[in-house]
Structure formats: C-alpha cells, structure tokens
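We name chains A, B, ... by the order of the sequence lines, and we start the count at 1 in each one.
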2 protein chains.
Amino acid sequence: MDEHDQTLYFRLFNEIGILEQISRTFLEVRLPDGFIAPHFAVLNHLIRVKDGRTPLELARAFQVPKTTMTHTLAGLEKGGLVEMKPNPEDGRSKRVWITHAGRSFRNRAIADLSPLFGALAEAFPPDTVAQMMPELERLRIFMDDLRDRVS
Amino acid sequence: MDEHDQTLYFRLFNEIGILEQISRTFLEVRLPDGFIAPHFAVLNHLIRVKDGRTPLELARAFQVPKTTMTHTLAGLEKGGLVEMKPNPEDGRSKRVWITHAGRSFRNRAIADLSPLFGALAEAFPPDTVAQMMPELERLRIFMDDLRDRVS
DNA sequence: CTCAGATAGTGCGATATCGAACCAAATGGA
DNA sequence: TCCATTTGGTTCGATATCGCACTATCTGAG
C-alpha cells in the first residue's frame with residue numbers, strides 16, 4: 001500500500017464525515033426545537049422498515065451503542081412520538097411503536113425537506129444516485145463485517 | 001418527486017450516516033484513551049493540507065461550528081499534539097502548528113489502521129474508490145452551497 | 001480618523017454520546 | 001431442574017457538541 005493509495009482511503013472517509021456533518025445540520029435546523037437528526041432517523045426507520053422494532057434492533061440498524069438508543073428513544077417517548085410497550089415474546093425487551101403524532105412529525109419534516117430534494121434532483125438525478133448506492137451499501141456492509149475480522 | 005425517488009435520497013443520507021458511525025468507531029477504538037476521531041482528523045489535515053491553519057479555517061474544512069473546533073483544539077493542545085500561536089497577520093486570530101508528538105501520534109494511528117486498509121484494498125481497490133470520489137465530492141460541494149440557496 | 005458593522009475566538013449552559021457497571025430475564029448444557 | 005452464561009435494557013459519570021452571548025480586533029465607508 002503506497003502513500004497515495006492510503007491518502008485516497010483517508011479522503012473517502014473524510015468526505016463521508018463531512019457529508020454526514022452537512023446533511024445532519026441541514027436537517028436539524030428544520031426540526032422543531034429539542035429534536036435532532038437521530039429522532040427523525042428512528043421515526044423514519046419505524047415507518048420505512050416496520051413498526052414494533054426492539055430498541056436493540058434499532059441500535060444495530062444505526063450502528064450506535066445501545067445506551068445511545070435508549071437516550072434517543074426516551075426523547076421520542078417524552079415528545080409523544082413513539083410508545084414503548086413490553087415485548088410479549090421476551091420479558092427483558094420492549095417494542096417501539098410510532099404514534100399518530102410521530103407520523104405527523106415525520107411527514108412535516110419530509111415536507112420541509114422537499115426544497116432540498118427538488119434542488120438535489122437537478123444536480124443528482126435519481127438514476128445517478130441509484131448508481132452510487134450499491135457501492136456505498138457494499139462499503140457499509142464490508143466495514144460492518146470488518147469489525148470482527150481485523151485485529 | 002415521487003415517493004420512490006424520495007426514499008432513494010433518504011437511503012443515500014442514511015448510508016452516509018451509518019458509514020460515518022462505523023468508520024468513526026473503528027478509528028476511535030484504535031486511538032489512545034481521551035482522543036477521538038476529530039483529534040485525528042485535525043492532525044491529519046494539518047499534515048495533508050498544511051500546518052499553520054487558523055481555527056476558523058479548520059472549522060470550515062470540517063464543517064463544524066467554531067466552538068466545537070475550539071474544544072477539539074484545546075484537547076490537542078492539552079495533549080501536546082499541537083501548538084497555538086498568535087497570528088501575526090491578525091490580532092484576533094491564532095495559527096495551529098502540529099508538534100513532533102502530534103506527528104508521531106498521527107503516524108502511529110495510521111500504522112494501527114493499516115490492517116483495515118489492507119483488507120479494504122481487496123474489496124475496494126484504489127481505482128474503484130477513485131471512481132467513487134468525484135461524485136461524493138460533488139455531492140459534498142453541492143450540499144455545502146445549498147445551505148445558502150434553499151429556503 | 002472615526003465608528004458601525006463584520007469577523008476570530010472563547011465561556012457557558014443544555015443536551016448528546018458512549019463506556020462501564022449493573023439488573024433482570026432468557027438460554028442451554030449437565 | 002439447576003445454574004453459569006448470555007442477552008436486553010437502563011443508570012451513571014465523563015466528555016463532546018453546539019447555540020447563544022460576549023470580547024477583542026479588524027475593515028471600510030465617510
């Protein structure tokens with residue numbers, strides 16, 4: 001591995017870091033006070049994937065520590081955007097259900113993002129993005145597997 | 001914009017968020033106690049780009065609020081990895097210089113990452129990554145410009 | 001030169017992130 | 001069945017992030 005290649009990989013992760021930073025900030029200024037990107041992301045996941053996930057499933061989906069997810073869910077519950085109910089199949093566990101208020105919150109946020117998507121669609125048409133996705137997903141899966149494999 | 005396209009853009013930013021999360025964690029478990037990814041990123045930037053940047057330049061490079069950069073630099077300075085000197089061209093400002101210890105720290109971190117790069121190079125050869133970079137950079141620049149343009 | 005506004009950086013308070021330690025429930029091998 | 005181990009979740013404490021407000025300095029119009 002020569003220095004040039006190494007630099008390339010650094011630049012890749014650096015771009016990802018900056019993109020995360022920009023897109024998160026972009027979303028957060030459009031959310032009501034007291035709510036941040038992870039709140040939206042969880043609501044979105046509950047709708048896009050499915051309701052009734054356990055906290056641990058959510059933590060794994062976003063690759064965050066479970067204590068972080070506990071905290072995020074507490075914020076959502078306090079805001080009445082989700083309900084936590086016991087998991088009938090496992091006494092240790094809970095299941096997270098999105099409320100009507102949660103759906104409204106998510107839909108409003110999406111509506112507030114539509115100017116972004118409009119502008120984005122001009123510079124990055126859906127088929128362009130669709131071409132980028134497989135490699136990004138492959139990279140994410142690779143990195144995920146790697147945690148166990150590398151020293 | 002139909003729902004399918006919207007979902008596509010969400011998935012894009014979601015992948016970016018998860019990738020950031022995984023790669024940051026991957027790095028941080030390999031850094032000495034008390035240091036985190038932003039510390040490494042700043043040191044790396046000072047070497048890759050150039051020494052003697054101002055805190056504000058660094059904040060802009062990483063798209064973080066300047067108070068966050070103040071905090072990160074304080075950590076680096078406390079650890080003896082950078083030196084902050086007054087900026088002779090502007091009495092309000094400072095310039096950040098990396099120390100010998102800072103260079104060693106960065107080189108050690110890179111050495112600890114080499115197993116990752118080795119594994120990565122198999123699944124994602126440099127030319128594959130090189131193909132991904134321009135679109136990611138273009139997206140980052142687009143998002144950056146967008147902050148002013150959209151509602 | 002003057003001063004109103006812009007800019008660089010910091011202090012502070014509120015909240016987020018996350019590792020360590022912990023509890024309770026589930027699992028599975030003897 | 002029993003109990004050692006694993007697993008889901010929370011609590012707690014340390015540190016990070018970031019918006020707001022502030023100071024010091026610079027800049028430019030007049």
Fill in: Distance in angstrom units between A:I36 CD1 and C:dC18 P, rounded
11 Å
Fill in: Contact under 4.0 Å: A:T54 side-chain N or O vs D:dG8 OP1/OP2
no
Worksheet, complete the sentence: Closest of D:dC18, C:dA6, C:dA26 to the A:R24 side chain is D:dC18
Worksheet item: Do the side chains of A:E137 and B:E15 get nearer than 4.5 Å, heavy atoms only?
Response: yes
Item to complete: Let me know the distance between CD of A:E89 and P of D:dG8, rounded to the nearest Å.
Response: 13 Å
Worksheet entry | Length of the line joining B:F62:CZ and D:dC18:P, which is rounded to integer Å | 14 Å
Discussion item. Applying a strict under-4.5 Å side-chain criterion to I, L, V, M, F, W and Y, I'd like to know whether A:M143 and B:F117 cluster together.
Written reply: yes
Worksheet item: Can the ring centroids of A:F62 and A:H45 be said to lie less than 6.0 angstrom from one another?
Response: yes
Item to complete: In whole angstrom, give the distance that lies between atom NZ of B:K85 and atom P of C:dG9.
Response: 16 Å
Worksheet item: Has A:Q21 got a side-chain N or O lying under 4.0 Å from the OP1 or OP2 atom of D:dC18?
Response: yes
Discussion item. Less than 3.5 Å apart, any donor N or O on the side chain of A:Q21 or A:R24 sitting next to an acceptor on the other?
Written reply: yes
Fill in: Student check: side-chain heavy atoms of B:R30 and B:F40 closer than 4.5 Å
no
Response to the item:
Of D:dT17, C:dG9, C:dT17, the nucleotide closest to the side chain of B:T72 is D:dT17
Practice prompt. Check whether any side-chain nitrogen or oxygen of A:H71 sits under 4.0 Å from OP1 or OP2 of C:dT17, and answer yes or no.
Written response: no
Item to complete: Identify, between B:R92 and B:T67, the residue whose nearest nucleotide on DNA chain C lies closer to the 5' end.
Response: B:R92
Worksheet entry | Closest-nucleotide ordering on DNA chain D, the 5'-leading residue of B:F35 and A:K94 | A:K94
Worksheet item: Taking CZ from B:R30 and P from C:dG19, how many angstroms apart are they, rounded to a whole number?
Response: 13 Å
Fill in: Atom pair distance, as rounded to whole Å: CD in A:Q63 and C1' in C:dC18
15 Å
Worksheet item: Is the closest side-chain heavy-atom distance between B:R106 and B:I47 below 4.5 Å?
Response: yes
Discussion item. Applying a 4.0 Å non-hydrogen cut-off, can you work out what B:N87 is touching in the nucleic acid: base, sugar-phosphate, or nothing?
Written reply: nothing
Worksheet entry | Value in whole Å for how far the C1' atom of C:dT15 lies from CD of A:E28 | 11 Å
Discussion item. As a test of reading the structure: which of D:dC18, C:dT17, D:dG9 is closest to the side chain of A:S93, going by heavy atoms?
Written reply: D:dG9
Practice prompt. Please tell me which of B:V29 and A:G91 maps to the more 5' nucleotide of DNA chain C, matching each residue to the nucleotide holding its nearest heavy atom.
Written response: B:V29
Discussion item. I want to verify a distance call: between C:dA26, C:dA8, D:dT10, whose nearest atom is closest to the A:D90 side chain?
Written reply: C:dA26
Worksheet entry | Closest-nucleotide ordering on DNA chain D, the 5'-leading residue of B:V64 and A:L56 | A:L56
Worksheet item: Looking for any heavy atom pair under 4.0 Å, which part of the strands does A:R60 touch: base, sugar-phosphate only, or nothing?
Response: sugar-phosphate
Worksheet item: What is the nucleic acid contact for A:E57, judged by heavy atoms within less than 4.0 Å: base, sugar-phosphate only, or nothing?
Response: nothing
Worksheet, complete the sentence: In whole angstroms, the gap separating P of C:dT17 from NZ of A:K66 amounts to 17 Å
